[in-house]
Structures are given as structure tokens and as C-alpha cells.
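Contents: one structure, followed by commentary.
Both backbone and side-chain heavy atoms feed into the values below; hydrogens, waters and symmetry mates do not. The shown structure was predicted, so the numbers you read here are calculated from the model rather than taken from an experiment.
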Amino acid sequence: MSKRLSASERSDSESLQETLFELSRVEAREKRLREENDAILSAISAMTEATSKTDIFASLLDVIHRYVSFDSAVALSRNRETEDAFRCLVSTERLLETVTWQTGDVFHRCVKGETVAIYKPGMIKELHCLTHQYASYLQGTALISGLTVNDSEVMLILFSHRRDSFNNEAQQVVDRFRPLIERTIMDIDYRHRLHALVSSRTQELNASRQRFQDFAQTASDWFWELDNAFQLTYLSSPNTDIHIDAEALLAKIKSDKELKARLEQLISREESFSDIEWHIASRAHDYWVSLSGRPCYNKKGQLSGYRGTAKDITATKRRVVELQQARRQAELANNAKSQFLAVMSHEIRTPLNAVLGLIDALQHSRLTLEQKEWVGQMDKSAQLLLTLISDVLDLSKIESNRFSLSPSLMKPSDCVTNVYQQLIDRADKKRIHLSASVSPSVPDTLYMDENRFTQILLNLIANALKFTDQGGVTVSLNTDGDVLILRVKDTGIGIDESQIGRIFDPFTQADGSITRRFGGTGLGLSICKKLVEMMGGRIDVDSELGQGTDFCVRLPIVATPQDAEKHQPTPAIPAGNVQPMVILVAEDSRANQMVVRLMLEKQGHTVVLASNGEEALEHVKQTEFDIVLMDMSMPVMDGIAATKALRASGFKQPIIALTANAMDEDKQRCVRAGMNDFVTKPVRAASLSAVLYTHQPLTLSDH
């Protein structure tokens, strides 16, 4: 009997068939997943062992190729923040590496997670870059997938020459392999960046190495390197006239025991050193080298050697020697000039002494008015000559650094008053007004060189009077904080702006015609400027041609030392009545003997003459003298030797130097020899009388 299946049985059978079919599908899917997982693991393992981004990309493509058929592939990348176009990250074809890929809607969709199959690649913006060289790809199909890695957007493009290569299944495969693709692209991107960084650093290193080599070859210094065994491991070849190889230089260093010992000592203490001078003398070369170096250490902090430079300083050494020789020659020339000026001063002052002495005598004799006028002109000319000699000596002493200041407590107002009194007659004779004022802000006493301050005052005011014919000269003394300000303003001829810079030059006046018209040497302002600078100040001038000149001197007010009063010089005793004395005059010049004798006898003194030091010693043995006037420069025995001999014999009376040598060192020699004072030639009656008054013997009325 045939059996017929009921409806329920048929339903159960169909359900079983469906279940078996679904089970088969699940088993197939699980098999496919296992295969894909095995492929992924195999790809990851291959990537791990890969040595380049090309190998990594090939491992990824091998996996995809098992499930999707394609002919070539390219991975593109761009930085979202800094780049507009995509660049080739890695490709299976070299031609695709040079293409620039523009972004568009398709790439934007892919970055968001889509996998897009393109059946007409030439129609989309992103693939317009594929020219006729890639015509076969333009006629085929393309499968594009995108993702984001770090700060970059990445595209994976698979190309096929066939139009039916990429279907939905191919898209699904790529989607399933997206984690592997992401991992692969990250690895490729990392290696690409690392390769680019290494390449960049390598280029920089090569450029730095080449730069160092260029510098080492073109520099005039040697670059050297020593190891711990004191072996020269590197020595550059400098661009110098000296040709020496590393071994020869090292041999020379080792042969110089003193230099080697010094360097080894520094290296043993791991100290840096600089500018160690080394003299290399040989038959072929004679030059100087300056060595500098510093220690270098390895990664463990251990001393690995020394690096440094060696500089050829032969030319510098030669210049130093030449400068030293030039300086010695200049000093010798300066000393010769000073010696010449001292001798000339003596030779000029000696006859000038007789001239001025006889002029003094004539002025006190019975003369007619016309004769007195003649003598007065003679006296002015002689005084001018004396001023010239003094200015030349002052300038010489300043320029040869044999000039020093002697600061002490002084009253600036007294200096202004004294100079004013000396020059008021000159202003009156020219019928111009001379005024002087001292501000209440000026301290009663200052600590500075009174003589030099007075000299500055005298030169500036006398200069202003000299070049002023109408109007007047105004002198003012003021202060500005801790600065003393002296202004001398006149209404004279003025100075052209182009000539102002020359007026402080020695032997120079603003215009050659000025010298012919007004006379003078042009030394006064030069000496003033040098004195002001020595005192720490400055002198400025403001002038307009035809309108007048304004000199402004600024001197710092120096703090007075606490012991200044202890060293105050004894005030000069004004010349008064000098008691008659017996005076020995030792002088080799007959004319000067006559002049000094005439001056002394007019004052009531008894005079004995000696022509040299030996005669003076003999006279002292025979006669008791109250004072001895001793010339410094005499034949047979000079004044210095005679003074020492007199003091050695026990002579106690004052000895006054009569000297035409006006240098400070000459005056110091007189004091060291035992002299009590000095009178500078040419001797004037007033100055001689003042000195005699100071040193005359005390009488009962003086006690």
C-alpha cells in the first residue's frame, strides 16, 4: 500500500532541508572566515618580517588577490591639515608613483567608510590624472576604499583592465579586510615617515659633514683630534702657506718635551685649554701656533679623547714684534725729543736770563720816556719768548707721559681773582670790558691741581682778550651737580665752523692769516685741552664767525681725601724786606754772573762769584755764607755734585738752585741732592727776592 506523506510531514521535511542548507552555508562561511583569518595571520606574519614598505604592501595584496582579481594597486596619502592633493605612498607600478591625485566626492565617500567600484574611471575627477600612458586602466575598472590613519587620509585603489572584475562580492571582501588594510597602511605610513625622516637626517648629516670638510679645507686653522693614547686621529688640511701632515705635526709635538708635558697634564685632568702658544723652529719653517682644545666623552661618560684647533699666529707674532720695535723707536724718539727740548730750554733760558735781568735793571735806571718805551717793548718780546719755551715744555711733558697732576685743597675764587688782576691791564689797554663772576654754588675749596687750573684760566682768558677788539670778555664759574663749569665768552672775531675742529691741534690756529695778524704759536688751546682731559673733564667750543666765541670747560668735582689738609703746601711767604746777607753765586755764564750780582747788590747783599762747583767748594771753606745760589749745569763740577759735596762736608746753610732746566725731574734731582729750593731761569728780581726772603737766616726779632 502506497504511503502518502501528510502535510505536516512534508512541512517537517522542507524545514529539515532548509536547516541542512543553512548549515551548509554556515559551514562554508566559517570555512571562508577561517581561510580569511589564516590569510590575515599569514599576511601579518609576512609584514612582521618585511624590510620595506613595498614588501608590506605586497603581503596585503597577496591576501586580497586570493579573493579579488586585479592587475595593479596603489596606496595614496595626504595630510588633512597641510595638503590638498594625494601623493603616492606605495605602488605596484613605478609610473604611478609620479602622479598627483586630486581629491573629490568619491574620495570623500571612501574616507567615510564606503568601498566604491568605478566602471568608467576616466569620468571621475580623482582619476583625471591618468593620461594616455594609463589608457588601459581608463578602459577597465577601479575599486577604491578609504580610511583615516592618525592625521592622514589614505586611499587604496585596485585597477583591472577588465570591465567586470569588481562586483559586490569584491566590495564585500575589501570591506571585510578593512582592519588588515588599516593595519598595513599604518605600518606603511609609519615606515614611509621613518624613511623620510632618516633620509632627511642623512641628508642633513651629509651636508653637515660636507660643510665641516669645506670649512676645514678653507679655514686657516687646523682641526685636530686625539685619542686617549695621545694619538692624532684626525688633522684637517687648512688653507695656509704652511704644509705639514698629521704625522709630522704629532712628531713635532712629541719632540717638544715642555709642550708635551703641559698638554699631557691638562689631558690627565680632563681640562679644557685655549691659546697655548707653541714656537716651531726648523730649517724649513719658523712659525708660531696657538693650540686650543676640550675633552670629549663617549655615551658612558668616559673620556674618549680631545678635539680642538691649532691656529697659525706667525703673522700676529710678527706684528707684535714690529709694534714693540716701533713702540721702542717711538719712545726713543720721544725721549730724544724731550732731551732735545730740555737742552734747548737750558740753552735758551741761560742767555734769556741775562736779557731779562738787564731789562729789569734798565727799567729801574734813569731813562727817558722814549727809552722806557723801548725797554718795555723789549720786556714784552722777552716775556713772549719765555712763554713760548714754557708752552713747548708743557706740551712735550704731556705727550711723553712725563707730566703729572698735583691736586691739593685750593680756592677756585682766588684763582679767578688772581688771573683777573693779571689781565685787567691788558683789557684796559685794548679798551674792552673784562668781567669775572663766581656763583655762590661753587664750593669755597676744591681738591684739584691749583697751578694747572690757573693755567687753563689764564690761557683761555688771554686767548679771548687777544682775539677781541671790541666789546668784552665774560668769565663765569658755576656748578652743575658734581661738575665745575668754567665759561669764557668773548665778542671777538669768532671761528669759522669748518675750522673749529683744528683749534685744539698743536701749533695750529683757525686761519693762517690769524697767526700773521695776532701772532702766537697755537699751543695754548692744545695744552688746555690736554690738561682738562688729564683732570677728567672736557672742553667744548661754540663760535660764530664775526660774532664771538664761547669756551666751556667741565671738570669733575673730586671728593677731598681725609688727609688732604696734612699735605697742604706751605703758603708762599710774600716778599718783604730781606736782610743783607753774604751770598755765594756759582754760575759759569759771565753775563748771568753780572745780572745776578747786579740784582743782589741792589738789594744790599754781599756777593761772591764762583765759575764752577770746585770754586764754590773752595770759597765755602774760606768764607761763611748765609745762602748759596747754585747753577745746575757748570763745567769741571756741576751744581748737583757740588751740593752733594757741601752737604757731605757738613754745610747746613740753604742752597738754592739756579736752573734753566725746567723739567719736573730736574727739580726733583735738586731736592734729592740736598738743595732747599730753586729759581728757574730767566731769574727775575721779584722771584729771587721772594726766595731769599723765605730762606734768610732768623734774627732775634724773628723769634
NZ/NE/NH1/NH2 to OD/OE distance under 4.0 Å, Glu322 and Arg318: no
Residues Arg487 and Asp550 bridged, charged N to O under 4.0 Å: yes
Leu423 and its side-chain contact (heavy atoms from CB on, under 4.5 Å) partner, picked from Leu457, Leu465, Asn418: Leu465
Test salt bridge (Lys or Arg N to Asp or Glu O under 4.0 Å) applied to Asp469 and Lys430, step by step: CA-CA 7 Å; Asp469 292 328; Lys430 295 188 70 173; 3.4 Å; yes
Neighbour count >12 (heavy atoms, 6.0 Å) for atom CD, Glu271: yes
Salt bridge Asp428-Arg426, side-chain N to carboxylate O under 4.0 Å: no
Val671 and Asn676, any side-chain heavy atoms less than 4.5 Å apart: no
Arg328 atom CZ, neighbour heavy-atom count above 12 within 6.0 Å: yes
For Ser290, all residues meeting side chain to side chain donor-acceptor pair (under 3.5 Å), sequence neighbours excluded: Asp275
Arg294, CZ atom: more than 12 neighbouring heavy atoms under 6.0 Å: no
Arg327 atom CZ, over 12 foreign heavy atoms within 6.0 Å: no
Non-neighbouring partners of Lys489 that pass salt bridge (Lys or Arg N to Asp or Glu O under 4.0 Å), sequence neighbours left out: none
Partners meeting side chain to side chain donor-acceptor pair (under 3.5 Å) with Asp588 (sequence neighbours left out): none
With Ser543 via side chain to side chain donor-acceptor pair (under 3.5 Å) - residues at least two apart: Thr549
Within residues 475-486 or reaching into it, pairs that qualify as side chain to side chain donor-acceptor pair (under 3.5 Å) - sequence neighbours excluded: Ser439-Asn478, Ser441-Asn478, Ser441-Thr479
Partner residues of Glu544 under the side chain to side chain donor-acceptor pair (under 3.5 Å) criterion, sequence neighbours left out: none
Side chain proximity check, Phe551 to Ile539, heavy atoms < 4.5 angstrom: yes
